[in-house]
Amino acid sequence: MTKVLTHTLGLPRMGPHRELKKALDNFWAGKIDQSELLKVGFEIRQLMWKSQAEAGCAFVNIGDFSFYDHVLDLSVTVGAIPERFRHLSGLTQYFAIARGEPQTNAAPSPMVKWFDTNYHYIVPELSESTEFQLNPEKLLAEIREARSLGYKPKVQLVGPVTYLYLARWYPLGNQSPLTLKLLPALLKVYKELLQKISQEGVEWVQIDENILIFDQLSNEWLDALSTTYKELAGLGPKKLLATYFENVAENLNILLDLPVEGLHLDWGRNRPLIDRVLEKLGSRVLSLGTLEGRNVWRDDLTALAKELEPIYKSLGDRLWIAPNSSMLHLPWSLEGETPPAVIDGKLAFMKEKLADLGKLSTLIPNPQPESPEIQELRAYLEKVKTERLAKVNAHKSEAYREPFAERFAAQQKHLGLPLFPTTTIGSFPQTAELRRQRKLFEDGKISQADYDEYLRQVIRDNIKIQEEVGIDVLVHGEPERNDMVSFFSDMLDGYWQSKNGWVQSYGSRCVRPPLIYGVIGYRGSLGKEWIFYAQSQTSRPMKGMLTGPVTMLKWSFPPAGEELANVAYDIAIELNKEVKALEEGGIKIIQIDEPAYREVLPLKQAQWPAALDWASRAFRLSCYGVKPETQIHSHMCYSDFASIVEGIKAMDADVVSIETSRAKGVLFQGIARDGYDKGLGPGVWDIHSPLIPQPENMKSVLNSAAQYLDPKLLWVNPDCGLKTRKWEEVIPSMKNLVSVAQEMRRNY
Ligand code: GLN
Ligand code: ZN
C-alpha cells in the first residue's frame, strides 16, 4: 500500500519506566559504575529506535537521547566548556557542568526553560575565552550503533543560530547578540561535524532552528540565519530545517530563502501560510508536523488525511509527516494505565502517537471513512468545552475586590501585625522520617488514622518551632503534600493522574503532570482540615495554603481544543470554594501560590498582554468574594519581573513574595517605577543554598526595598518553601530573619 514517509523530531529519553532516571541517580550515588550507566543508555536508545522502526518510520533519530540534556550535549560536541570545568573530561566534566563540582566549588551552568515547555536545558556559557573544538565521539558512536543494528539514522541537532540565541554571554551572564561574534568560529566546527556525519553514510540531518518562530527577532539574528545556511549549503548530509511549537509567520520569507533540502513546519499552526510555502518550495522536501507532539489526546487522523491529500497529490514523496514537535515532552506509553471510562481509548502518549502516525501515513493516499472513536472523542471534547464555557461565563466577571486602601486598613485592624511582619513560604523540611511514614502509609503498612496522627504531630512541632523563634504569621509546613499540583488535582473532579506518565523536567528529575479531561469540580475539601487543625494549635495567624489556578493549569496536560483562559477560570472558580471555606473557618491569611505565573507568556511577544490579562483574572477569580479584612498572599519563585509587572499588579493580591537573590536595588526600583503599590515580601534568604543567611545581607535587601517602596508594605520571608532544607539550617536562619525584622522595626 502506498504511504507517506514518516519520521519523528525526537522521542522521550527516560525509557518506559524511567530507567535512565534510576541509573543516573544510582551512578551519582556511587552505586553503579560508568559502564553500567552507559549500558542503560544503550538499552534505552535501542528501545527508542525499535519504537520508531516498528511504527514504520523511515529513520531512527540520533541526538535525541541524552544523559542529561541535548543542548549540553551540543555544547560538549562543539567544545563550549566553561573555563571552570576545563580541567575535567568525559562524563565527569559533562555532569559537572550540569550539576556543579563541589571539590572546586564550581557552580553548575544555569538552567532555563526550553521555549514554553516545562523541560529545562543547560544554558551554554559563552565568553571571549570560548574556543570551539569538535568533539563528535558520542554522536558518531550512536550513529554507528544504530547502523550496526540495521537502522537508518537521521541525526538531529540544535541549529547553530538557535544555539547561540539560547546561550548567555559572560561575564554579565545575559542573553546577548554579542554571542553572534562567535558565529564564524562555531560554523567552522559545525561544518566539520556535518562532514563527519556524512562520512558515516547519514543521508539526512534535522537541524532545529526554532528561533524562527519568534515574532520579534532583530535583524542581526535574521541575518545570522541567512549567512549560516549560505555557508553550510551543500555541505554534509541533506538538511531538514525544523521549527516547532508555533507558526513562522513573521519570518517566512527568510525561512523560505534558506538553501536547505527540506523544511519541517507545524501543520496546524502554519495552515494559512501553506500556499506561500508550496509556491516557493521548489524541489525541497516538506515535512509537516501533523500530530500534536505535546498533548496527550488522540489526533483526528481522518480529518488530517483529508486536509493533507491535496498536498500529497502535488508533492508526492516529497511530503513527509511527523509529530509537530519532539515527543520529549510526552510520557512513554499508556500501557498499564486505567484512565476514566469517558476518555479510555481517546488518549495517546508517545507509543500511541507513533502508531497513529503510521496509520495516518496510509490514510493520506488511501482515504477511509471516519472512525467512530474519533467522532466520539470530538463530541466528548466539544461537550466538555461547552459545559466549561457556560460555567465560566456565569462567573467570569466575579474577579474584583474592594480597593486596596480599604482592604489594607481592614487587614491592619483584623491582624494586628507589627511592621515588617515575618513569615515563611509554606513547606518545612520533608525529613527522612516524614518520607518513611508516607511510604509506610502508601504501602498499606500503617493506617490512615496513624498516618494522620503522625502528620498532626509534625504540624504541632512545626508550630512550636515557629512560635519559639518568634515568627509572626505561621504556616503548618505542608507535611501532607509531596507535589504542589497533584495534591490538589487528586481532590478535584476533571483531573486524571496517570500511574507512569513521567516526563523529564531536567536531568534525572521527572514530573507526572495530571491531565485535565473534564469540567473541574470541588468535592468539599482541598485539604483545609489540616489548616484548621494547625490554626487550632496556635493563637497567631496561620496561613491557608493552596496552589493557584495558573500553576494548576500550566503544570498539567490541558484539554484539547480549548482556550487556556477558560480552563484557568474553571480551576479558579473551584479553588475559590476552598478559599471561602478557609475564610469561613477563621483563617485570616490565605496564600495562593503561583510559581508558574510567568509561564503563561506565549512564544509570540505580541500575545503577552492578553495572556497576562487572563492569568491575572484567573487569580482574582480564585480569591473573589473574600472579605476585605482577609489577606490574600501569592508567591512566585523568581525575580524576573520586568516582563510581567503589569500582570502582577493585575493579580491584585495583598502581598506577593518573590525571589530577590540577584540585582536587588535595580529590581525594587523597577517594581516601584512600574507602579506596584501593594504588599511585597522580598525573599531575604536564598533557600536554594545550604548557607545560613546572615543578618547583614538580609538587612541590606530590606533597606534597599524600603528605599523604593513603602516600608509599611514590606514583609520579611525566605524566597521559597523550605521542604528541601534541613532543620539544622532552617532554625538558625529563621532566628536571623526574626532578629533582622526586629531591628528594622526599631529603625522605621
Ligand atoms: N508553598 C509552597 C512551598 O512552600 C510553594 C512552593 C513553590 O513556590 N514552588 O513549598
Ligand atoms: Zn517558590
Side-chain angles (χ1 to χ4, degrees), residues 111 113 118 120 422-431 434-435 438 455 458-459 462-463 465-466 471 473-489 505-506 509 511 513 526-528 530-531 534 542-556 575 578-579 582 587 589-600 619 622-623 631-641 644 648 651 653 655-662 680-689 693 715-727 729-730 733-734 737:
M111 200 166 62
K113 291 218 171 186
N118 285 327
H120 303 71
T422 53
T423 191
T424 59
I425 303 303
S427 56
F428 275 129
Q430 299 245 334
T431 59
L434 173 54
R435 286 198 297 270
R438 184 180 293 148
L455 293 177
V458 172
I459 291 174
N462 289 345
I463 290 173
I465 293 170
Q466 295 172 83
I471 300 278
V473 172
L474 307 196
V475 297
H476 75 297
E478 306 180 18
E480 77 284 17
R481 311 179 184 178
N482 54 4
D483 180 283
M484 65 183 295
V485 171
S486 66
F487 175 77
F488 297 101
S489 64
S505 169
Y506 62 89
R509 199 179 142 83
V511 292
L526 289 174
K528 60 184 190 298
W530 296 111
I531 311 289
M542 174 62 59
K543 273 198 277 192
M545 284 283 163
L546 65 192
T547 301
V550 174
T551 304
M552 289 296 295
L553 169 65
K554 287 303 291 184
W555 290 354
S556 304
L575 293 180
E578 177 86 350
V579 170
L582 284 166
I587 301 301
I589 303 184
I590 299 165
Q591 178 174 311
I592 304 172
D593 290 326
E594 284 290 21
Y597 193 71
R598 217 182 161 279
E599 293 168 26
V600 300
F619 184 88
S622 74
C623 45
Q631 192 167 66
I632 299 292
H633 289 217
S634 189
H635 163 70
M636 285 160 214
C637 333
Y638 42 80
S639 59
D640 189 0
F641 263 36
I644 56 164
I648 293 187
M651 289 167 87
V655 181
V656 175
S657 61
I658 60 167
E659 184 212 293
T660 39
S661 57
R662 267 176 291 157
L680 188 78
V684 292
W685 156 16
D686 172 11
I687 66 95
H688 303 95
S689 152
W715 285 64
V716 186
N717 49 258
D719 66 358
C720 197
L722 298 164
K723 63 169 162 255
T724 55
R725 297 265 61 95
K726 299 194 172 73
W727 277 114
E729 301 152 1
V730 167
S733 303
M734 284 202 298
L737 184 137

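The structure displayed is predicted, hence computed values, not measured ones. Just follow the structure's listing: the first ligand is 1, and inside any ligand the first atom is 1.
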### Task
If you have a sec, work out which protein heavy atom is nearest atom 6 (C) of ligand 1 and how many Å separate them, to one decimal?
M484 SD, 3.6 Å
### Within 6.0 Å of NZ in K726, more than 12 heavy atoms from elsewhere
no
### Message
Counting only nitrogen or oxygen atoms and a 3.5 angstrom limit, does Q591 reach ligand 1?
### Response
no
### Summary
Quick note on ligand 1: atoms under 4.0 Å from a heavy atom of C720 include exactly 7 (C), 8 (O)
#### Entry: Residue G721 vicinity, atoms of ligand 1 by number, heavy atom under 4.0 Å
3 (C), 4 (O), 10 (O)
#### Entry: Atoms in ligand 1 flagged as close to I425, the criterion being non-hydrogen separation under 4.0 Å
1 (N), 4 (O)
### Element-labelled atoms of ligand 1 that are located less than 4.0 Å from some non-hydrogen atom of S427
3 (C), 4 (O), 10 (O)
### Query
Counting each atom of ligand 1 from 1 as listed, which ones have a heavy atom of C637 under 4.0 Å away?
7 (C), 8 (O), 9 (N)
### Message
Rounded to the nearest 10°, what angle sits at the Zn ion (ligand 2) between NE2 of H635 and SG of C720?
### Response
130°
### Message
Would you say that T547 contacts F487 through its side chain, given a criterion of any heavy-atom pair below 4.5 Å between the two side chains?
### Response
no
### Task
Specify the protein heavy atom at minimum distance from atom 2 (C) of ligand 1: its residue, its atom name, and the distance to 0.1 Å.
D593 OD2, 3.4 Å
### Atom indices of ligand 1, in the order listed, that fall short of 4.0 Å to a heavy atom of K723
10 (O)
